[in-house]
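Every chain is numbered from 1 and lettered A, B, ... according to where its sequence line falls, protein lines coming before strand lines. None of these values were measured; they are calculated from a predicted model.
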There are 2 protein chains.
Amino acid sequence: MSDSRENFIELMGRIHQHDGQSRIHGRLFGLLLMEKKGLSLQQMADRLQVSKASVSTNARHLKEKGLIRLTSSPGDRQDYYELVSSPYDQMYDLIRKDMLDMAGQIAEAREQLEGEDSVIIERVERLEEFYRISAEVLGDIANKLRK
Amino acid sequence: MSDSRENFIELMGRIHQHDGQSRIHGRLFGLLLMEKKGLSLQQMADRLQVSKASVSTNARHLKEKGLIRLTSSPGDRQDYYELVSSPYDQMYDLIRKDMLDMAGQIAEAREQLEGEDSVIIERVERLEEFYRISAEVLGDIANKLRK
DNA sequence: TTTATCGTTCAATATGTATTGAACAATAAT
DNA sequence: ATTATTGTTCAATACATATTGAACGATAAA
């Protein structure tokens with residue numbers, strides 16, 4: 001494993017951690033992004049020097065998010081994981097969903113604030129708008145990428 | 001403090017925590033969003049039932065991010081904090097800066113990968129683009145809000 | 001001067017959760 | 001039938017950091 005690859009993989013670990021996932025989650029994504037062919041759980045655990053338990057759970061999470069996919073070869077009972085062809089639109093969608101969810105939660109909270117001063121209500125509406133508009137523009141990008 | 005306000009404040013605590021800040025950071029933001037007039041550190045600590053140490057540090061962070069501002073009254077040596085008139089464009093800017101920073105870090109890592117397969121390089125370029133484009137569109141919204 | 005108030009800093013601790021090791025079921029190999 | 005692989009789950013722990021209490025300096029009040 002070259003230094004420049006390790007460097008990239010570690011960067012992805014830090015970025016995913018910054019984004020609320022675990023460090024290994026990001027390292028795994030970085031590792032598979034560096035590999036054209038799928039890797040087995042054991043291979044990933046060896047290269048990242050982490051337990052296979054961590055690889056198993058984090059690979060599941062990445063798969064659920066649509067960033068990697070499971071593959072297999074005939075006569076081999078190991079699971080192989082590889083990057084999906086375009087994880088980028090999934091990434092836009094993930095942020096979009098998060099933002100939309102927050103906008104929804106704020107809307108719920110706002111509805112309970114009916115008696116409040118209009119200035120306060122308006123602040124909450126603006127906040128809600130922040131998340132909703134952010135979600136929209138990111139969703140637009142994802143759609144453009146897909147078509 | 002009404003239930004609906006507390007509910008909103010707690011929601012903001014959870015949202016900020018989800019976004020990588022502390023729970024009190026979000027609660028403080030939520031509290032000041034519910035108040036038209038500035039609150040002193042002691043008032044904020046009392047209403048949120050947290051230590052004044054937490055309020056002090058988190059208020060500083062919110063102030064550095066441009067979401068709240070320090071005010072004062074004549075004949076009173078307490079510090080008062082209130083929401084800035086439009087924290088929303090600051091919020092766009094904060095995400096924009098984060099995204100742009102990540103794009104920059106990925107670019108640095110990519111430059112070290114020169115010998116690699118072109119498929120791999122392209123993946124990294126796409127990833128970089130994801131963060132850069134996200135930063136751009138969010139920055140555009142902030143600019144529209146400001147003018 | 002003494003006493004009280006206000007805000008900050010920092011070492012100690014509380015807290016949440018990422019990570020792991022071990023146990024396990026399922027399957028394949030011998 | 002026995003042994004070895006493979007992947008998952010979960011309780012235990014390692015780890016990062018949010019939060020606090022206490023000490024402090026600065027300033028105002030008494």
Asks: Tell me yes or no: between the side chains of B:Ser22 and B:Asn58, is some donor less than 3.5 Å from an acceptor?
Replies: yes
Asks: Can you see if the side chain of A:Ser51 gets near the phosphate of C:dT20 - specifically, an N or O under 4.0 Å from OP1 or OP2?
Replies: yes
Asks: On a plain distance test, is the side chain of A:Arg77 in donor-acceptor contact with the base of D:dT6 below 3.5 Å?
Replies: no
Asks: What nucleotide, of C:dC6, D:dT20, D:dT8, holds the atom closest to the side chain of A:Ser56?
Replies: D:dT8
Asks: Between C:dT8 atom P and B:Met44 atom CE, what is the distance in whole Å?
Replies: 9 Å
Asks: May I have the distance from B:Gln21 (atom CD) to C:dG16 (atom C1'), rounded to whole angstrom?
Replies: 17 Å
Asks: Check the distance between C:dA4's P and B:Gln78's CD and give it to me in whole angstrom.
Replies: 17 Å
Asks: Please work out if A:Val55 contacts a base, only the sugar-phosphate, or nothing of the nucleic acid, heavy-atom cut-off 4.0 Å.
Replies: nothing
Asks: Can you tell me if B:Ser40 touches the phosphate of C:dC6, counting only side-chain N or O atoms and a distance under 4.0 Å to OP1 or OP2?
Replies: no
Asks: Taking the side chain as everything from C-beta on, heavy atoms only, tell me whether B:Phe29 gets closer than 4.5 Å to B:His16.
Replies: yes
Asks: Rounded to the nearest angstrom, tell me the gap between atom CD1 in A:Ile24 and atom P in C:dG21.
Replies: 11 Å
Asks: Among the nucleotides D:dG7, C:dT20, C:dT19, which one has an atom lying closest to any side-chain atom of A:Asp79?
Replies: D:dG7
Asks: Applying a 4.0 Å non-hydrogen cut-off, can you work out what B:Ser54 is touching in the nucleic acid: base, sugar-phosphate, or nothing?
Replies: base
Asks: Between A:His25 (NE2) and C:dT17 (C1'), how many Å, whole number?
Replies: 15 Å
Asks: Side chain of A:Ala53 only, heavy atoms from C-beta on: which candidate in C:dT9, D:dT19, C:dA22 is closest?
Replies: C:dA22
Asks: Tell me whether A:Gln49 contacts the main-chain N or O of A:Asp46 through its side chain, where contact means a donor paired with an acceptor under 3.5 Å.
Replies: no
Asks: I need the CZ-P distance between A:Arg60 and C:dT19, as an integer number of Å.
Replies: 14 Å
Asks: Distance only, no hydrogens: is a donor on one side chain within 3.5 Å (strictly under) of an acceptor on the other, for A:Asp89 and A:Ser86?
Replies: yes
Asks: Answer yes if the side chains of A:Gln78 and A:Tyr80 hold a donor-acceptor pair under 3.5 Å, and no otherwise.
Replies: yes
Asks: Given atom NZ of B:Lys52 and atom C1' of C:dG7, what is their separation to the nearest angstrom?
Replies: 7 Å
Asks: Could you give the CG-to-C1' distance, from B:Asp46 to C:dC6, as a whole number of Å?
Replies: 14 Å
